[in-house]
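Position 1 is the first residue of the sequence, and the numbers go up from there.
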Amino acid sequence: PVVSCGRTVLATDRDGFLSGAPDTGLIVHETRLLSRCRFRIEGAPLFPVSLSNVSQRAWLGYYIAPAAPAGRKYAGPTTDASIYTAAQEAIELKLLRVVGEGMHEDVDLINFTQHPQRLRLVLDLESDFADQNETHGKRRQSGRTTSEWIERGEVSELRTIYEAAHRYEHSSETGKARIRRGLAVRFSNAQSAPERHGDAIKFDVELPPHGSWHCCIDYIPIIEEQELFPQYSCPFTPHAQGEHERKMQAFLDGAPTFSSRESASLAPVVIGALEQGKRDLASLRLY
């Protein structure tokens with residue numbers, strides 16, 4: 001699955017997560033800022049149920065995990081875990097992602113059982129800051145990566161910075177070229193506080209019967225000294241209108257049209273294909 005907007009591209013594995021595979025990641029200005037990203041529930045596997053793009057820039061995924069027996073907390077991997085057993089009494093994880101400069105992600109857990117559930121939701125993260133062309137093989141550039149965990153009131157943030165430099169000599173010019181890239185992963189509106197454990201962010205979640213839990217995550221690219229804040233925020237709907245949509249609509253309003261004596265009799269599927277082609281071209285524009 002691939003979603004994109006401007007110079008931001010999110011390309012995931014088939015299960016909707018990132019494993020560091022070639023040509024995948026959260027890529028901004030041709031740098032892979034996020035190479036690994038996976039949600040899991042400690043003690044229970046996640047089964048993808050429905051994963052789909054809802055627009056050029058938005059993606060929606062549903063996962064389920066088997067619920068723990070009444071009165072118990074997830075303690076370890078279950079031996080009879082299967083999507084069939086999970087479907088009987090399930091915990092649902094819903095992810096809604098939208099890209100635009102960076103990426104905004106809504107994370108929701110829902111308890112579909114008749115008894116309370118206590119679980120630990122884990123988000124594994126890794127940033128390699130590879131050039132888009134370096135995701136296939138050996139890295140040619142090496143730099144220094146530093147990470148910092150910041151807490152400001154009810155907002156927590158994992159900030160990772162990558163810096164590299166090398167000397168160059170070209171014709172009569174010599175000097176030192178530098179590059180600075182980073183990613184701030186910001187957690188807000190969380191109904192239980194996140195905790196950092198190495199490259200993992202963990203949430204201890206308590207869900208009443210048929211209860212829900214929510215968290216917002218903003219992935220904020222840092223290009224040199226500039227932070228690119230996501231264009232969309234919580235609550236996001238797939239049809240939300242932002243600056244990108246206004247520019248796209250202006251482009252579509254001024255785009256060429258055609259008509260002929262047969263236009264009125266064109267099949268709806270033909271009209272739809274023409275309109276979709278025009279929107280696809282608009283999606284490829286860089287502002």
Side chain to side chain contact (heavy atoms under 4.5 Å, CB included) between Cys5 and Gln56, intermediate numbers included: CA-CA 7 Å; Cys5 180; Gln56 175 68 28; over 6 Å; no
Test item: Thr24 side-chain N/O and Leu18 main-chain N/O as donor-acceptor pair under 3.5 Å: no
Backbone of Glu101 reached by a side-chain donor or acceptor of Thr8 within 3.5 Å: yes
All ring-ring contact (aromatic ring centres under 6.0 Å, His included) counterparts of Phe203, not counting sequence neighbours: Phe187, Trp213
Closest non-hydrogen atom pair, Pro194 against Trp149: O-CZ2, 3.9 Å
Common cluster, Val9/Val54, ILVMFWY with side-chain heavy-atom separation under 4.5 Å: no
Heavy-atom side-chain contact between Ile110 and Tyr62 under 4.5 Å: no
Other residues, nucleotides, ligands: >12 heavy atoms within 6.0 Å of Glu169 CD: no
Evaluation steps, side chain to side chain contact (heavy atoms under 4.5 Å, CB included), between Ile64 and Ile83: CA-CA 8 Å; Ile64 58 173; Ile83 191 169; 4.2 Å; yes
Remaining members of hydrophobic cluster (4.5 Å side-chain criterion), Ile150: none
Main-chain N/O of Leu33 paired to Ser127 side chain as donor or acceptor, under 3.5 Å: yes
Partners passing ring-ring contact (aromatic ring centres under 6.0 Å, His included) against Phe39 (at least two apart in sequence or in another chain): none
ILVMFWY cluster, Leu125 and Val155 together (side-chain gap under 4.5 Å): no
Any donor-acceptor pair under 3.5 Å from Tyr63 side chain to Asp15 backbone: yes
Side chain proximity check, Pro1 to Asn53, heavy atoms < 4.5 angstrom: yes
With His115 via side chain to side chain contact (heavy atoms under 4.5 Å, CB included) - residues at least two apart: Ala70, Glu89, Thr113, Gln117
Side chain Arg196, main chain Gly198, donor-acceptor under 3.5 Å: yes
Considering all heavy atoms, the nearest Ser142-Ala164 contact: O-CB, 3.8 Å
Heavy-atom check, side chain of Met103 versus side chain of Val3, under 4.5 Å: no
Asn111 side-chain N/O to Pro208 backbone N/O, donor-acceptor pair under 3.5 Å: yes
Closest contact, heavy atoms only, Pro221 versus Gly102: CD-CA, 3.4 Å
Salt bridge Arg186-Glu157, side-chain N to carboxylate O under 4.0 Å: yes
Atom NE2 of His170 with >12 non-hydrogen neighbours under 6.0 angstrom: no
Which atom of Cys37 lies closest to which atom of Leu34, heavy atoms considered: CB-CD2, 3.9 Å
Value rounded to 0.5 Å, distance of OG in Ser188 from NE2 in His104: 7.0 Å
Glu173: partners by salt bridge (Lys or Arg N to Asp or Glu O under 4.0 Å), with sequence neighbours left out: none
Connected-component partners of Ile161 among ILVMFWY, side-chain separation under 4.5 Å: Ile222
Beyond-backbone contact of Tyr219 with Pro230, side-chain heavy atoms, under 4.5 angstrom: no
Same apolar cluster: Val185 and Trp59, side chain cutoff 4.5 Å: yes
Transitive ILVMFWY side-chain link Ile91 to Leu123, under 4.5 Å: yes
With Ala165 via side chain to side chain contact (heavy atoms under 4.5 Å, CB included) - residues at least two apart: Lys176, Arg178
Trace of the salt bridge (Lys or Arg N to Asp or Glu O under 4.0 Å) decision for Asp124 with Arg36: CA-CA 7 Å; Asp124 297 312; Arg36 296 181 186 273; over 6 Å; no
Euclidean distance, Glu126 CD relative to Thr160 OG1, rounded to 0.5 Å: 10.0 Å
Euclidean distance, Asp13 CG relative to Asp23 CG, rounded to 0.5 Å: 11.0 Å
Residues forming a side chain to side chain contact (heavy atoms under 4.5 Å, CB included) with Arg144, sequence neighbours excluded: Thr146, Glu163
Verdict with reasoning, Arg32 to Thr135, per side chain to side chain contact (heavy atoms under 4.5 Å, CB included): CA-CA 8 Å; Arg32 183 163 70 176; Thr135 64; 3.7 Å; yes
CG-CZ distance between Leu51 and Arg14, expressed to the nearest 0.5 angstrom: 10.0 Å
Partners meeting salt bridge (Lys or Arg N to Asp or Glu O under 4.0 Å) with Glu148 (sequence neighbours left out): none
Residues forming a ring-ring contact (aromatic ring centres under 6.0 Å, His included) with Phe129, sequence neighbours excluded: Tyr162
Side-chain heavy-atom pair Arg118, Val205 within 4.5 angstrom cut-off: no
Heavy-atom side-chain proximity of Leu10 to Ser4 below 4.5 angstrom: no
Step-by-step side chain to side chain contact (heavy atoms under 4.5 Å, CB included) determination, Leu109 to Leu119: CA-CA 11 Å; Leu109 284 168; Leu119 56 91; 4.0 Å; yes
Test salt bridge (Lys or Arg N to Asp or Glu O under 4.0 Å) applied to Glu134 - qualifying residues, sequence neighbours left out: Arg139
Check: Leu228 and Arg7 side chains under 4.5 Å, non-hydrogen atoms: no
Charged N-O contact under 4.0 Å between Glu224 and Arg180: no
Joint hydrophobic cluster, Val107 plus Val99, side-chain heavy atoms closer than 4.5 Å: yes
Any residue meeting side chain to side chain contact (heavy atoms under 4.5 Å, CB included) with Arg120, in chain and number order, not counting sequence neighbours: Glu42, Val122, Lys202, Asp204
Euclidean distance, Leu183 CG relative to Leu26 CG, rounded to 0.5 Å: 6.5 Å
Nearest-0.5 Å distance, CD1 of residue Ile179 to CG of residue Asp131: 7.5 Å
Main-chain N/O of Ile220 paired with Asp218 side-chain donor or acceptor, under 3.5 Å: no
Residue pair Asn189 / Glu154, side-chain heavy-atom distance below 4.5 Å: no
